[in-house]
Amino acid sequence: MEPLTWTGALSGLNIVFYTVVGLLALAIVLQILAALLPSTGGTASVNPDGTMTASPGFSGLIGSAVAWLFYATLALILVYLVGGIFLGPEAGIFGGMAQQFLPVWIALIVTFALSITYKRRLGLYGKLFDSTVGMIGFAIVMFWVFTGVFGGVFDLLVTHDSLSQVSGMKNKLPGTPLRGAEEGDYPWFLLGGDNLARDVFSRLIKGSWVVVKIAPFATLFAFMVGITLGLPAGYYGGKLDTLLSFLANLILAFPVILLFYLLVTPEIVLTGIPNYMALFLFSFPLIFAAILLNSRYYTQPSFRTPLLVVVLGVGLWLYLSMVTTDGAIVATNTYVIPGIPPFLDLFDIDPGILVVFVSVVFVNSPTVFRIVRGLAMDIKTRDYVAAAQTRGEGPWYIMLWEILPNARGPLIVDFCLRIGYTTILLGTLGFFGLGLESESPDWGSTINAGRRLLSLYPHAAIAPALALLSLVLGLNLLADGLREESLRD
Amino acid sequence: MGLFILRRLGVMLLTALCLTFIVFWLTNLYPNLEKLAKTQGNFRMSDEAVTSYLTDRGYLQPLPVKFGQWLGVLPGWETVRDDGEVFGRCFAAGTPEEARPTRCGVLQGDWGFSTVFKEDVAPTVLTRLALTGKLMLGVLLLMVPSALIVGVLAGMKEGSKLDRSLSTFSIATTATPEYVSGVIFIAVLASSKYGLSPLLNEWGVIDSKTLFLGSATSAMADANFWNFFLPVLTISLYGMGYIARMTRASMTEVMTAQYIRTARLKGVKFSDIVLKHALRNALIAPFTVIMLQIPWLLNGVVIVETLFNYKGFGWLLVQAASNNDIELLLAVSVVSVIVVLVTQLISDIGYVYLNPRIRIS
């Protein structure tokens, strides 16, 4: 079988595509240069009805050229995509990939269609669809989320097993036909083979699941820790603030990589320190929920008590399931702290993942703490806080139900940015071969494995690098869109 | 002001002490010591052999005692072998009794001995630090001016096309961690098979096989544009976006100030407004950001030195940490903590001097 080219049957379009992209780049450069020159806008003339009209002039001309060329580029990309979905590998590597991603495209279209239809009823999320930048960012992020979920959980999308090695496929270029393909095998390695003869495309998809399942949760836990400690530090101030700020600065003064090298090693896992840290850090969501509900409903004990019992019961069960592995909370060579019995244990977290998760939360929470503390110090001087104090509300009610909702804008924006930063941190861990197993398909480990042969076979490292870049860029754009929209209120 | 600096120095000292103690504690956990013994002795050591190795070398003393010895406030350990040979923390076997110092630690200027490099820690760290200093100098020379120019140009006219393009560029750079941009740069610019280099070589634009060198090992002795530019560019790019965005924010704020409007209404030329009136006030905030960005560069340095095989401070950190070289790792963390805290101090003091509106009581 012939190796696939990048665009296959659609190759005739390539020359058009290159021309359009080249012209677009040229136009953008011209536009920037034109913006530097003093405005040479056309002369204005007064219309008979009293309005004024100015000819667009040179910069206006370039502006419309850029817009049209941009739409042309988008249209061409759409043609490649749609062609790929229908023609499959006949339309080359891109076509094959477009067809593999079909479930993701459908999910994206459904998400966007529903969100845009109901955007007026969806609050801040709906407003996101008013900003182009935010929509682009959201689309990229959701692309990877759907890829991770469909590929990682349901095993769709992938063409080969991400761990099996196929003889004769070592370091093969993208589009190489599978040697000795049998009936039912996907006949190509779409993005080539890596140095252990595994399919780069399938590993890319499996790797996205590692990021999608760790990064948002790690960020969420970091926010829980940061909010629970940052609010009282900012609200009360004084000794408590000094102590907590000192501790936060202490962690922040560590170079992140040194901390990772100290915390994320097999030796540290043996000592049980990650388990203790998990015990400590995972308790914050529970504390947060308890204080949140209690401060609101403590005046109605008949409602509060059952509510707290149910919420804390479920929370405690989840918490214990999370920290317990094989019936023990901490298991070292010398002693064991027993946890809940295995038949109650809902899920086990792999020790390698746990240590990565815990250290990422640990690194992120001091920054969140500082942001929340700053916001709380700012907001506590507002009138509505004084009003609540005069009403005789308790301090935790004021912190969680007056200050926190009013700090949500900056916090949501930072949440998006921080997921991106967590993704970068996960990649860093993989890049140094810390924590996750060396055969793990996550992007950092794959970049690390591919970088040794970078100048000869760059495809194995470039594919995950571009994937990581696009996801983080998407999150940044999403945060930018959210910031724009939340400032507009 | 004097009191302020003094108090900051006190907090710095306390922070450094706490941090080194944490590093000390983590590196002295038993599984780590066992790994150290096995890498230094051999991997098939029995448990007894490991224990005797560690006891002989003072690793099994209580943690505060060991920390005191490392600091130099407690007398160092001494071990008497069965054959009567005496050696200790501060002297090798065979040293006459009168020449044996009792304390040797950081306070005495003795940073210990690296188990990986079989050398004293202090000179090792200093050599590597000098190499990284060279890299950092290159990074600052490239990053700061370009970030400031990008930020000022973008903030000059908020919402203009130029602003949008440059802001997108800054967002893109902050979204590109060093291990991504480095990999892309090597593949595109420094590969003899792919990317730009074969094309340029064919056209006769460059004589050498590649546009840039993908490894910076030769730059340690003799740095030039060819072998040094890619690592410098890789580190600069990630830090640049953030500084540029901060500069842009500061510049847009200044450009909406009353005195700028007055100047515009008076008919001052736009270039004069930007250069003479706005620029100086707009650069106060980025100064702080640049100083606080330096510790972040340290992470970039570790990644880039690993990727480009440049044996500087970051490479040393990786070597020390992956081999559990306790004293080297402590020295490395002391240096990085000092970098963090000193840059914070400089940014605070500099902010006060640059901004006449803030005075410390």
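Residue numbers begin at 1 in each chain, while the letters A, B, ... track the order of the sequences. Just so you know, these numbers come straight off a predicted model, no measurement behind them. All values below were derived from every heavy atom in this structure, side-chain atoms included, with hydrogens, water molecules and symmetry-related copies excluded.
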Exercise. Are any of the side-chain heavy atoms of B:N299 and A:P255 separated by less than 4.5 Å?
Worked result: yes
For this session: Could you tell me which portion of A:T423 (side chain, backbone, both or neither) has an atom closer than 4.5 angstrom to a non-hydrogen atom of chain B?
Result: backbone
Exercise. What part of A:I273 is in contact with chain B, defined as an atom under 4.5 angstrom from a non-hydrogen atom: side chain, backbone, both or neither?
Worked result: side chain
Best-contacting candidate, [options], against chain B by heavy atom pairs under 4.5 angstrom:
options: A:T265, A:N476, A:L434; answer: A:N476
options: A:P464, A:A465, A:P266; answer: A:A465
options: A:I251, A:L270, A:L250; answer: A:L250

Exercise. Can you pull out the residues in residues 12-22 of chain B with any heavy atom less than 4.5 Å from chain A?
Worked result: B:L14, B:T15, B:C18, B:L19, B:I22
Heavy-atom proximity to chain A below 4.5 Å, by part of [X]:
X: B:I171; answer: both
X: B:V23; answer: both
X: B:I303; answer: both
X: B:T306; answer: both
X: B:S322; answer: both

For this session: Can you label the angle between the B:W296 ring and the A:Y421 ring as parallel, tilted or perpendicular, going by 30° and 60°?
Result: perpendicular
Tell me which donor-acceptor pairs under 3.5 Å the side chains of residues 184-192 of chain B have, and how far apart each pair is, sequence neighbours excluded?
unit_1, atom_1, unit_2, atom_2, d
B:S191, OG, A:S455, O, 2.8
B:S191, OG, B:K193, N, 3.2
B:S191, OG, B:Y194, N, 3.1

Exercise. Does A:P174 have any side chain to side chain contact (heavy atoms under 4.5 Å, CB included) partners at least two apart in sequence or in another chain, and if so, which?
Worked result: A:W6, A:I93, A:H459
For this session: Taking salt bridge (charged side-chain N to carboxylate O under 4.0 Å, His left out) as the test, write out the residues that go with A:D480, two or more places apart.
Result: A:R483, B:R245
Exercise. If you count heavy-atom pairs under 4.5 Å with chain A, which of B:V340, B:V183, B:N32 comes out on top?
Worked result: B:V183
